[in-house]
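Structure record follows, encoded as structure tokens.
Because the structure is predicted, anything quoted here is derived from the model rather than measured.
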Amino acid sequence: MEAPPPVAPIPAPPLPEGWKAEWSAQYNTWFYLNPAGVSQWEYPGPPQQQQPIYAPPNAALPTPPLQSPPLEQPQYSIGQEMPPPTDGDRGLGKGLLMGAGGLLAGAFVAHKIEEHKHHNHFWSGGSKLPLASAGAGGLLGAMGSHLPFGNNGAAPPPPQPQPQPQVAPPQHHGFGSYLPAAFGGGGGEPRLNIHCAAYCDQDVTNAVRSMVKPGQVFEVDTDKLVDAFGDPWPDNRKQFSILYSYGERPWELAASSERNGLFQLLPHQPLDRKRMEFVQDPNQSRVIALVWGMENGLEGGKGKLEKLKQIETSGEFDATNAWMGFDGMCGPAKTAVVYYRAHNGGVTIACARENGTCRLPWNPLARWT
């Protein structure tokens, strides 16, 4: 029987149509499924709201194309009223009437009369101007009373653009400084998921997550691990391991130690078989991996099946070369680190220094370890 889905402590944010939100108990945050069922950690944004559509007055009215007339006329936005005529305007209209017999006015009248035959009227700034088919007087008189020029004959400045509706950008819900895969990238890199990390016998998962770079790269100088994580075991060469995955790729575990140079996780490096062999089938055991020094603690000695059986049943084992069946790092004292699934589905660790006993939560003595 499948376990019931985890109960989220906070409500899911509003989503676009077709999207779904599911709570990750492992990372204590929401992840999202798009309409195709593909999951992602990034919040896709709020539901799409109908954008306001700016429809200026008379927008549906036909506006026939106008050829450039002999007289330059400033253009007015649709719906913008034309300024009332002044005495100078009317005087200009009379002057035009007096020159109607000229070639320039004749061409203009011929154009307008032809246009009138097809359209009966035309629109200029929402004002309907009557056209007289019997001669130039009616046309130019009507137009002369609407020509928007001042007494000095200079054209006014062009009208200002109509204000457009302002739509506020969608507000995204923040997740703090860490998502299950660190933010960044943008160049198509698969997301780096840090499932858990250990330095000596302390959990440094959050610190490692905060160090993931925008290109989904993690790197640290192993000569300076103490600077990054503190010093839980002074005067000893400490080990460092990370359980991780890139995107939908299989999980891997990388182990190193101090004074080993630059440690890197890169988004496009091939899967490493040795790192993959650390990770166990979650359907067979709560134990995901066992690290002894820098090596796979489930190999050697009694063998993987017997070791897993003992850890599952008793919840404890000896952090010794004798129980492991090999030396995970010759020379320095080592740490045994068990990565296992907690009751909430997340990944955590149990640790023991060499010659100690490692106990997991299902061991009755674990509370005093």
message: Within the 3.5 Å criterion, strictly below it, is a donor on Glu312 or Ser285 matched to an acceptor on the partner's side chain?
response: yes

message: Taking ring-ring contact (aromatic ring centres under 6.0 Å, His included) as the cut-off, I'd like each qualifying pair that reaches into residues 330-357, sequence neighbours left out, listed once.
response: Tyr340-Trp362

field: Name of the residue among Lys307, Arg359, Lys302, Met324 meeting side-chain contact (heavy atoms from CB on, under 4.5 Å) with Phe317
entry: Met324

task: Look at the aromatic rings of Trp41 and Phe31 and report parallel, tilted or perpendicular, splitting at 30° and 60°.
output: perpendicular

message: Is any side-chain heavy atom of Ser241 closer than 4.5 Å to one of Leu253?
response: yes

message: Could you walk me through whether Asp318 and Thr320 satisfy the side chain to side chain donor-acceptor pair (under 3.5 Å) test, starting with their C-alpha distance in whole Å, then the side-chain angles of each, then the deciding distance to 0.1 Å, before giving a yes or no?
response: CA-CA 6 Å; Asp318 294 330; Thr320 63; 5.1 Å; no

Pairwise side-chain contact, Arg341 with Val347, heavy-atom cut-off 4.5 Å (strictly under): yes

task: Please determine if Lys238 and Asp231 form a salt bridge, counting it only when a charged side-chain N lies under 4.0 Å from a carboxylate O.
output: yes

task: Go through the steps for Phe326 and Glu295 under the test side-chain contact (heavy atoms from CB on, under 4.5 Å), then give the verdict.
output: CA-CA 9 Å; Phe326 68 99; Glu295 301 297 331; 3.5 Å; yes

- prompt: By the rule that ILVMFWY residues connect when side-chain heavy atoms come within less than 4.5 angstrom, directly or transitively, which residues belong alongside Leu271?
  reply: Met276

Identify each donor-acceptor pair in which a side-chain atom of residues 330-338 lies under 3.5 Å from a protein atom, sequence neighbours left out, and give them as a table.
{"from": "Lys334", "atom 1": "NZ", "to": "Asp327", "atom 2": "OD1", "distance (Å)": "2.8"}
{"from": "Lys334", "atom 1": "NZ", "to": "Glu354", "atom 2": "OE1", "distance (Å)": "3.4"}
{"from": "Lys334", "atom 1": "NZ", "to": "Glu354", "atom 2": "OE2", "distance (Å)": "3.4"}

field: From CA spacing to verdict: side chain to side chain donor-acceptor pair (under 3.5 Å), Thr357, Glu316
entry: CA-CA 7 Å; Thr357 300; Glu316 71 173 32; over 6 Å; no

task: Could you check Leu265 against Tyr246 for side-chain contact (heavy atoms from CB on, under 4.5 Å), going step by step and ending with a plain yes or no?
output: CA-CA 9 Å; Leu265 300 178; Tyr246 269 106; 3.8 Å; yes

query: So, for Phe278 and Val291, which heavy atoms are closest and what is the spacing to 0.1 Å?
result: CE2-CG2, 4.0 Å

message: For a quick test of reading the model, state the closest non-hydrogen atom pair linking Gln269 to Arg275 and the distance between them.
response: OE1-NH1, 3.9 Å

- prompt: How far apart are the closest heavy atoms of Leu33 and Gly37, and which atoms are they?
  reply: CD2-O, 3.9 Å

query: Would you say the side chain of Glu252 lies within less than 4.5 Å of the side chain of Val279, judging by non-hydrogen atoms?
result: no

- prompt: Is the number of heavy atoms from other residues, nucleotides or ligands within 6.0 Å of CD (Glu248) greater than 12?
  reply: no

message: Could you report the tightest heavy-atom contact between Pro46 and Pro16, atom names first, then the distance?
response: O-CG, 3.8 Å

message: Using side-chain heavy atoms (C-beta onward) and a distance below 4.5 Å, is Ile194 in contact with Val212?
response: yes

- prompt: Between Phe240 and Phe229, does the ring centre distance come in under 6.0 Å?
  reply: yes

- prompt: So do Trp251 and Leu243 actually touch side chain to side chain, heavy atoms under 4.5 Å?
  reply: yes

query: Do Gln216 and Leu266 touch side chain to side chain, with heavy atoms closer than 4.5 Å?
result: no

task: Please report the closest heavy-atom contact between Gly215 and Glu189, naming both atoms and the distance.
output: O-CG, 3.7 Å

- prompt: Salt bridge check: are Glu299 and Lys304 linked by an N-O gap of less than 4.0 Å?
  reply: no

task: List the atom of Glu258, the atom of Val226, and the distance in Å for their closest heavy-atom pair.
output: OE2-CG2, 3.5 Å

